[in-house]
J.: 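Got a structure for you, questions after.
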Amino acid sequence: MTISILGAGSWSTAIADLLAEREDVLIYARDEKVVSSINNDHINTKYFPDNELRKNIRATNNLKEIFKNKYIVNGIPTQQVRNVLKQCEGLLSDDKIIINLSKGLELSSHKRISEIFKDFNPKISFVALSGPSHAEEVIKKMPTTIVSASEDMSLSEEIQKLFVRDYFRVYSSNDLIGVELGGAIKNILAFGIGMAQGLGYGDNAKAALITRGIHEMSRFACEFGAEFKTINGLAGVGDLIVTATSIHSRNNRAGILVGQGLSLEDLNDKIKMVVEGIPTTKSVYELAKDKNIDLPITNEIYQVLFNNKNCNDSVNDLMNREIKSEF
């Protein structure tokens, strides 16, 4: 069996190496240099120049070749998923199983990634893999735990068995909405926590933002049908902790830079990877406004990112909100 992977980023590459322990893997990459380096040198020079990949991993820039296989892992950044699928008209047949690695909400439609795929085929089988899982640790076979989520529990368990390893523990879930929304919102909060670090605030502020952020995440996700326990699990709290505290987190690093005074326009030059928390902030803010959901932390991050509000003013406004009971 060959498993296809859409995208050749760091997380896609780490997952490819994991899957290649048991199956052949075919990676889709647009960049000819990446295709060549994987096929000829067994290295993804762009993301893991020091890690030799297994020799049964092959790369291609031919989408038709990717969609010949039953299992298709999606690692395309959220805001590019629809554009790629438009190039795959007629290839997304009912027998395909999509296993999603990406996180976030689409800017134009505010849709989850499962909903984007179902715009192209409503009958498609879809599973989300999410949880505290940095690619830099998974490729080194460090212990990691995630969730496999699908509306069909039997499918969730099928993918659980496909991915589980002695260093990669996978739990199953049928709360697809909760897992997708938890993975999206944690990026916003990690960005905000990074901003607090960039401003020079300490552990007290970080702990407050994590804790009240979890409250916000739960309020928002449950409004859209997520289960509270999912948000308190690996795909919510677990992923937030790792994204808000790790040196590997691009969302946290981006927040630190904005807190230190860097403009949004200059972030790309510094990070050089997609910072999914930025467009997701806009999507969640607009959804919350439409549904009248109170998200004070997300609101202030939005104001800083898109209305040029001063970071210190946002902190002041959060700290001086009307006093109330914690719950």
J.: Tell me, do Ile278 and Gln79 make a side-chain contact under 4.5 Å, heavy atoms counted?
T.: no
J.: Same cluster or not: Val138 versus Ile27, using hydrophobic residues (I, L, V, M, F, W, Y) connected whenever any side-chain heavy atoms lie under 4.5 Å apart?
T.: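 As far as the 4.5 Å side-chain criterion goes, Ile27 and Val138 are connected within one cluster.
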J.: Should the pair Glu136-Lys140 be classified as a salt bridge under the 4.0 Å nitrogen-to-oxygen rule?
T.: no
J.: Looking at Phe228, I want to see if its CZ is surrounded by more than 12 non-hydrogen atoms of other residues, nucleotides or ligands under 6.0 Å.
T.: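 Open: at most 12 neighbouring heavy atoms sit under 6.0 Å from CZ of Phe228.
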J.: Out of curiosity, does Leu91 fall in the hydrophobic cluster containing Ile113 (side-chain heavy atoms, cut-off under 4.5 Å, transitive links)?
T.: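 Linked, Ile113 and Leu91 end up in one cluster.
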J.: Would Trp11 and Ile5 satisfy side-chain contact (heavy atoms from CB on, under 4.5 Å), going step by step from the backbone distance to the final call?
T.: CA-CA 11 Å; Trp11 191 210; Ile5 299 184; over 6 Å; no
J.: Side chains of Tyr71 and Met1, heavy atoms from C-beta outward: is any pair under 4.5 Å?
T.: yes
J.: Check this for me: does any side-chain nitrogen of one of Lys118 and Glu151 sit under 4.0 Å from a carboxylate oxygen of the other?
T.: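 Yes.
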J.: Ignoring hydrogens and angles, state whether a donor on the side chain of Ser154 or Asp152 is under 3.5 Å from an acceptor on the partner side chain.
T.: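 There is such a pair (donor and acceptor under 3.5 Å, judged by atom type) between the side chains of Ser154 and Asp152.
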J.: Could you go step by step and tell me if Ile293 and Arg219 meet the side-chain contact (heavy atoms from CB on, under 4.5 Å) rule?
T.: CA-CA 8 Å; Ile293 307 169; Arg219 182 187 294 158; 3.9 Å; yes
J.: Taking NZ, NE, NH1 and NH2 as the nitrogens, is one of them in Asp175 or Lys229 under 4.0 Å from a carboxylate oxygen of the other?
T.: no
J.: Is Val179 reachable from Leu155 through a run of I, L, V, M, F, W or Y residues, each pair having side-chain heavy atoms under 4.5 Å apart?
T.: no
J.: Mark yes or no for whether Ser173, through its side chain, and Ala149, through its backbone, hold a donor-acceptor pair below 3.5 Å.
T.: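 Absent.
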J.: For Gly238 and Pro132, which heavy atoms make the closest approach, and how far apart are they?
T.: O-CB, 3.4 Å
J.: Got a second to check how far Asn121's CG is from Cys88's SG, nearest 0.5 Å?
T.: 12.5 Å
J.: Will you find, in the side chains of Thr60 and Asn62, an N or O donor that is under 3.5 Å from an N or O acceptor?
T.: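 The answer is no; no qualifying pair exists.
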J.: Check the hydrophobic clustering (I, L, V, M, F, W, Y; side-chain heavy atoms under 4.5 Å; chains of links allowed) and say if Ile124 and Ile159 are grouped together.
T.: no
J.: Relative to the ring of His134, is the ring of His248 parallel (under 30°), tilted (30 to 60°) or perpendicular (over 60°)?
T.: perpendicular
J.: For the backbone of Ser148 and the side chain of Ser156, can you confirm whether one donor and one acceptor N or O come within less than 3.5 Å of each other?
T.: yes
J.: Using the rule given for side-chain contact (heavy atoms from CB on, under 4.5 Å), can you reason through Val258 versus Phe191, listing the C-alpha separation, both sets of side-chain angles and the distance that settles it, and then say yes or no?
T.: CA-CA 9 Å; Val258 168; Phe191 187 94; 3.7 Å; yes
J.: What are the two closest non-hydrogen atoms of Glu23 and Asn56, and how far apart are they?
T.: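 Taking Glu23 first and Asn56 second, the nearest heavy atoms are O-ND2, 2.9 Å.
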J.: Looking only at side-chain N and O atoms, does Ser314 offer a donor or acceptor that is under 3.5 Å from a partner on Glu300?
T.: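 Judged by distance alone, the side chains do pair up.
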J.: For the side chain of Arg54 and the backbone of Asp17, is there at least one donor-acceptor N/O pair under 3.5 Å apart?
T.: yes
J.: Return the CG to CG distance between Asn74 and Leu101, rounded to the nearest 0.5 Å.
T.: 7.0 Å
J.: For Asn204, does the CG atom have more than 12 heavy-atom neighbours from other residues, nucleotides or ligands under 6.0 Å away?
T.: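 Count not over threshold, so no.
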J.: Just by distance, do the side chain of Asn310 and the backbone of Asn312 share a donor-acceptor pair under 3.5 Å?
T.: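 Between the backbone of Asn312 and the side chain of Asn310 there is a qualifying donor-acceptor contact (under 3.5 Å).
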J.: Using a 4.5 Å cut-off on heavy atoms from C-beta on, say whether the side chain of Asp119 contacts that of Arg82.
T.: yes
J.: Any heavy-atom pair between the side chains of Glu106 and Ser283 that's under 4.5 Å?
T.: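 In short, these two side chains do not touch, never coming nearer than 4.5 Å.
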J.: Should Leu19 and Val147 be regarded as members of a common hydrophobic cluster, given that ILVMFWY residues are connected when their side-chain heavy atoms come within less than 4.5 Å of each other, either directly or indirectly?
T.: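 Not linked; separate clusters.
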J.: Compare every heavy atom of Asp239 with every heavy atom of Ser130, then report the nearest pair and how far apart it is.
T.: OG-OD2, 3.8 Å
J.: Taking all non-hydrogen atoms of both residues into account, name the closest pair between Ala128 and Glu180 and its distance.
T.: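 Reported closest heavy-atom pair: CB-CG, 4.2 Å.
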J.: If you measure from OG1 on Thr281 to CD on Gln303, what distance do you get to the nearest 0.5 Å?
T.: 11.5 Å
J.: With rounding to the nearest 0.5 Å, note down the distance linking CD in Glu21 to CZ in Phe163.
T.: 11.5 Å
J.: With heavy-atom distances below 4.5 Å as the criterion, would you say the side chains of Lys289 and Glu286 are in contact?
T.: no
J.: Can you name the nearest heavy-atom pair linking Ala29 to Ala8, along with the distance?
T.: CB-CB, 3.7 Å
J.: Check this for me, if you would: do Lys291 and Glu223 make a salt bridge, where the nitrogen-to-carboxylate-oxygen distance has to be below 4.0 angstrom?
T.: no
J.: Looking only at heavy atoms, which two atoms of Glu89 and Phe120 are closest? And how far apart?
T.: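 Closest heavy-atom pair between Glu89 and Phe120: OE2-CE2, 3.8 Å.
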J.: Show me, pair by pair, the donor-acceptor contacts under 3.5 angstrom made by side chains of residues 318-327, not counting sequence neighbours?
T.:
unit_1: Asn320; atom_1: ND2; unit_2: Asn316; atom_2: O; d: 2.8
unit_1: Asn320; atom_1: ND2; unit_2: Asn316; atom_2: OD1; d: 3.0
unit_1: Arg321; atom_1: NH2; unit_2: Asp294; atom_2: OD2; d: 3.4

J.: Distance check, rounded to the nearest 0.5 Å: Leu53 atom CG versus Ile139 atom CD1?
T.: 5.5 Å
J.: Tell me if a side-chain donor or acceptor on Thr280 pairs with a main-chain N or O of Glu276 at a distance below 3.5 Å.
T.: yes
J.: Look at the side chain of Ser133 and the backbone N and O of Gly131, then say whether any donor-acceptor pair between them is shorter than 3.5 Å.
T.: yes
J.: Can you tell me if Thr144 uses its side chain to pair, donor with acceptor, with the backbone of Met142 under 3.5 Å?
T.: yes
J.: Any chance you could lay out the side-chain contact (heavy atoms from CB on, under 4.5 Å) test for Asp95 and Lys70, step after step, and finish with the verdict?
T.: CA-CA 7 Å; Asp95 60 325; Lys70 174 184 176 182; 6.0 Å; no
J.: Checking Thr13 against Asn44: is there a side-chain donor and acceptor pair closer than 3.5 Å?
T.: yes
J.: If you define the side chain from C-beta out and look only at heavy atoms, does anything of Ile214 sit under 4.5 Å from Leu189?
T.: no
J.: Could you tell me whether the side chain of Arg212 and the main chain of Ile297 form a donor-acceptor pair under 3.5 Å?
T.: no
J.: Any chance you could measure Asp31, atom CG, to Lys46, atom NZ, to the nearest 0.5 Å?
T.: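 Rounded to the nearest 0.5 Å, the CG-NZ separation comes to 6.0 Å.
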J.: Answer yes or no: is there a side-chain heavy-atom contact under 4.5 Å between Lys33 and Thr45?
T.: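 Side chain of Lys33 against side chain of Thr45, heavy atoms only: no contact under 4.5 Å found.
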J.: Would you kindly say whether Ser37 and Asp41 are connected by a side-chain donor-acceptor distance under 3.5 Å?
T.: no
J.: Does atom NZ of Lys282 have more than 12 heavy-atom neighbours from other groups under 6.0 Å away?
T.: no
J.: Could you check if a side-chain atom of Val315 sits within less than 4.5 angstrom of a side-chain atom of Cys311, using non-hydrogen atoms only?
T.: no
J.: Do other residues, nucleotides or ligands put more than 12 heavy atoms under 6.0 Å from the OH atom of Tyr171?
T.: no
J.: Could you check whether any side-chain N or O of Thr78 sits under 3.5 Å from a backbone N or O of Lys103, counting only pairs where one atom can act as donor and the other as acceptor?
T.: yes
J.: Taking the side chain from Asn252 and the backbone from Ala244, do they hold a donor-acceptor pair closer than 3.5 Å?
T.: yes
